[in-house]
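Each remark here refers to the structure printed beneath this line.
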Amino acid sequence: MRHSFFCTLCLFGLALSLPLYSATPLRPRIDRAEPLSWWTDMNCPLTLMLQGQDLADAQVSIKPAEGLIVKGQHNAESPNYLFVDLDVQKAGTYTITLKKGNKKTSVQYTINTRRKGSRERGSFTTADVIYLIMSDRFVDGDETNNTVKTCAEPARKDFIHGRWGGDIQGIINSFDHIIETGATAIWPTPLLCDNEAEWSYHGYACSDYYHIDPRYGTNELYREMVAKAHEKGLKFIMDMVPNHCGSTHWWMKDYPYADWINTFPDYTTTNNVFSANYDINASVYDRELNNSAWFDKAMPDMNIRNRDLLHYFKQWAIWWIEYANLDGLRVDTYPYIEKEPASEWCQAILDEYPNFNIVGETWTRPASNVAYWQANARNYDGFNSHLPAVMDFPVEEAIRQALENDGSGWGNGMMKVYDAMSQDHLYANPYQLLLFVGNHDMDRIADVVKDNDYRRVKLALTMIATMRGIPQIFAGDEYGVRSSDMSMGHSGLRRPLPEYSTLSTEQKDLYAFHSKLFSFRKAEPIIWNGKTMHFAGRDNTYAYFRYTDEGAVFVFINASEQEREVPVSHYNEILGEYNPQGTNIMTGESIDLCPFTARQKPIRVAPLSALVVKLER
């Protein structure tokens with residue numbers, strides 16, 4: 001996530017030192033035990049973080065005495081924390097007691113039986129289309145939770161930077177619409193507590209890693225949402241932010257360790273120099289500023305080089321996957337995180353769930369820079385992120401730049417897309433790229449295409465629907481939604497999903513196109529698994545085949561403002577492998593792509609339109 005603002009809520013030195021502690025013994029008290037619960041037969045070892053008052057050096061005992069065994073314990077620097085290593089042997093409810101002198105404090109802790117087949121769970125793949133939701137700005141399904149007394153920021157629907165009331169119930173209510181778009185998976189922006197006094201609607205300044213923000217719902221409702229999504233055939237992806245927390249997180253008043261948060265003598269913001277992680281000429285100074293300085297004054301930077309914090313985050317990710325039965329993770333601001341422990345974090349998740357997919361926000365360019373962050377990359381320094389999927393910002397940029405003007409000039413227009421796709425050799429796995437043309441952090445695609453022309457929006461959608469990778473669409477783009485006020489930055493583009501009845505005729509036409517296109521993709525394995533062969537055009541056109549042994553899909557993009565003839569004879573090397581009598585997937589009409597007959601009528605494609613043809617073997 002990126003921001004164009006600085007929150008006015010400052011920390012006034014809060015992050016620079018630990019509190020001073022009284023030398024007078026206090027009665028021990030447990031306020032929190034995290035993770036909230038655990039399961040039998042897990043690969044990840046369980047270390048319980050207990051937080052409260054005067055817990056250091058406490059004697060730990062558990063009843064019943066069998067089934068959950070203390071293997072070890074250690075203090076933090078703050079006396080108000082205790083880390084307890086546990087051996088999980090049997091499901092049940094246990095009483096964990098801490099004793100100091102003649103004073104005791106206890107907490108109930110539950111070990112559940114692990115869901116059958118949990119370890120082997122699947123995840124999102126190239127067969128999926130991901131629907132991205134800006135959670136607070138989507139659909140308000142329960143107005144009673146818009147303002148909550150325990151949360152600092154009330155609903156302010158008349159304020160463009162305020163909370164507008166989108167919630168979990170609104171997402172549940174929208175499942176049928178999401179399916180109709182052709183999507184098969186849902187990625188909402190973070191739904192965990194974000195208790196900043198303002199700008200809390202975006203959710204990326206977490207104040208509690210284990211609880212859903214009450215303005216969205218509850219943990220139980222979140223789990224119910226995922227279950228109902230599965231019943232509808234939809235997968236569910238959680239947005240996680242291990243790089244930073246929020247300034248109102250409960251531990252900001254009392255860190256377990258002085259190095260729990262990365263700090264500088266004065267507030268220091270990140271330099272955003274991702275290349276310092278792999279640049280052979282980079283300074284340690286630049287690398288530390290990228291990885292350790294703060295994303296924003298309201299977003300303290302977490303130091304996951306601290307082993308207890310790293311294990312806390314491993315358990316946190318695994319807990320939510322197991323608790324809510326998730327199908328994937330999206331990781332925010334990935335290149336800002338200290339890369340070696342971040343790699344270990346990803347590996348721990350995959351050790352628990354070998355078939356799981358995790359996509360990282362790797363907002364950088366060119367392709368060589370993005371490729372560094374993908375698992376099993378051929379990196380000169382031997383670094384392996386263990387991050388299966390990365391976001392394809394180079395192709396996103398190329399598509400947007402190609403469609404924002406008439407494409408005139410050498411190397412412009414669709415040649416930008418051709419050139420971007422030609423970099424696929426750099427990736428360990430180009431199929432594990434998240435393909436998109438817009439998200440919650442950038443101007444909407446309907447804002448940036450020339451003349452705001454919906455024909456150009458259709459071209460962008462056609463490309464992400466038919467290229468290699470995993471397409472992601474941003475809620476509202478199926479309607480061609482434009483920003484309400486582009487001068488307001490992110491808040492102006494993060495609009496609620498409009499009612500269908502309020503759409504213009506053009507928007508309804510775009511939605512019908514979107515639904516048909518992505519529904520075709522949902523049923524077409526050639527698009528999921530096929531190789532790519534593409535052909536450069538110097539007339540602002542772009543042609544490519546997605547192909548397997550079973551068949552092919554031919555795509556011709558005419559981004560020019562003139563009608564273009566499809567140069568069928570250019571494609572002899574691949575067309576000869578398939579029956580040239582194909583089907584136009586948007587109209588159902590038969591179309592002859594045979595390059596060997598003079599009787600063939602020229603195939604012409606209208607200005608600012610695309611031709612998509614399915615060919616059989």
Salt bridge (charged side-chain N to carboxylate O under 4.0 Å, His left out) partners of K232, counting only residues at least two apart: D176
Taking the six-membered ring of Y578 (Phe, Tyr or Trp), confirm whether the NZ or CZ of R617 is under 6.0 Å from its centre and within 45° of its axis. yes
Are any side-chain N or O atoms of W316 and backbone N or O atoms of Y209, one a donor and one an acceptor, separated by less than 3.5 Å? yes
CG of D128 to CD1 of I237, rounded to nearest 0.5 Å, is 7.5 Å
Taking the six-membered ring for Trp, is the centroid-to-centroid distance between H230 and F236 below 6.0 Å? no
So, do I557 and M463 sit near enough that their side-chain heavy atoms are less than 4.5 Å apart? yes
Just checking F383 against Y372, ring centres under 6.0 Å apart? yes
Check whether Y431 reaches the backbone of G530 with its side chain - one donor and one acceptor, N or O, closer than 3.5 Å. yes
Rounded to the nearest 0.5 Å, what separation is found between the CD1 atom of I62 and the CD1 atom of I96? 4.5 Å
Can a salt bridge be assigned to the pair R365 and E396 using a cut-off of 4.0 Å between side-chain N and carboxylate O? yes
Can you confirm whether the side chains of Q374 and N376 place a donor and an acceptor under 3.5 Å from each other? no
Does the side chain of E478 come under 3.5 Å of the side chain of H514 through a donor N or O and an acceptor N or O? no
Do R137 and Y201 meet the cation-pi criteria used here (NZ or CZ under 6.0 Å from the six-membered ring centre, within 45° of the axis)? yes
E66 atom CD, neighbour heavy-atom count above 12 within 6.0 Å: no
Is a salt bridge present between E352 and K314, judged by a nitrogen-to-oxygen distance below 4.0 Å? no
Ignoring hydrogens and geometry, is there a side-chain-to-backbone donor-acceptor pair from H490 to D441 under 3.5 Å? yes
Find the distance between CD1 (I358) and OH (Y334) and round it off to the nearest 0.5 Å. 8.0 Å
With distance as the sole criterion, is a donor-acceptor pair present between the side chains of S292 and D301 under 3.5 Å? no
Any Lys/Arg nitrogen of K516 or E180 sitting under 4.0 Å from an Asp/Glu carboxylate oxygen of the other? no
Aromatic centroids of F138 and H440 separated by under 6.0 Å: no
Distance-only, no hydrogens or angles: does the T364 side chain make a donor-acceptor pair with backbone N or O of N369 under 3.5 Å? no
When you measure from the side chain of N306 to the backbone N and O of L309, does any donor-acceptor pair fall under 3.5 Å? yes
Can D167 and R215 be counted as an ion pair, charged N to O under 4.0 angstrom? no
Does Y312 have its ring centroid less than 6.0 Å away from the ring centroid of W251? yes
Once rounded to the nearest 0.5 Å, what's the spacing between atom CG of L191 and atom CD1 of I168? 5.0 Å
Between Y222 and Y216, does the ring centre distance come in under 6.0 Å? no
Less than 6.0 Å separating the ring centroids of H311 and F83? no
Any side-chain donor-acceptor pair under 3.5 Å between N277 and N291? yes
When you check the gap from the basic side-chain N to the acidic O, do D327 and R121 get nearer than 4.0 Å? no
Give a yes-or-no answer on whether the side chains of N262 and E338 include a donor-acceptor pair shorter than 3.5 Å. yes
Would you check if the side chain of W528 reaches a backbone N or O of R521 as a donor-acceptor pair within less than 3.5 Å? yes
Can any side-chain N or O of N43 pair as donor or acceptor with the backbone N or O of L350 at less than 3.5 Å? no
Would you please indicate if the ring centroids of Y131 and W187 are separated by under 6.0 Å? no
Should the pair R32 and W250 be classed as cation-pi, given the thresholds of under 6.0 Å to the six-membered ring centre and 45° from the axis? yes
If you round to the nearest 0.5 Å, how far is CZ of F313 from CH2 of W345? 9.0 Å
D194: partners by salt bridge (charged side-chain N to carboxylate O under 4.0 Å, His left out), with sequence neighbours left out: none
Is the closest side-chain donor-acceptor distance between Y336 and N272 under 3.5 Å? yes
Polar contact flag, side-chain donor to acceptor under 3.5 angstrom, N439-E361: no
Are the charged groups of E616 and K614 less than 4.0 angstrom apart, N to O? yes
Determine, stepwise, if the pair R330 / D239 fulfils salt bridge (Lys or Arg N to Asp or Glu O under 4.0 Å). CA-CA 5 Å; R330 181 263 185 183; D239 198 337; 3.0 Å; yes
Answer with yes or no after comparing the ring centroid distance for Y479 and Y511 against a 6.0 Å cut-off, counting only values under it. yes
Determine whether the aromatic ring centres of residues W363 and F393 are separated by less than 6.0 angstrom. yes
Could you tell me the separation between the OG atom of S118 and the CG atom of N325, rounded to the nearest 0.5 Å? 7.0 Å
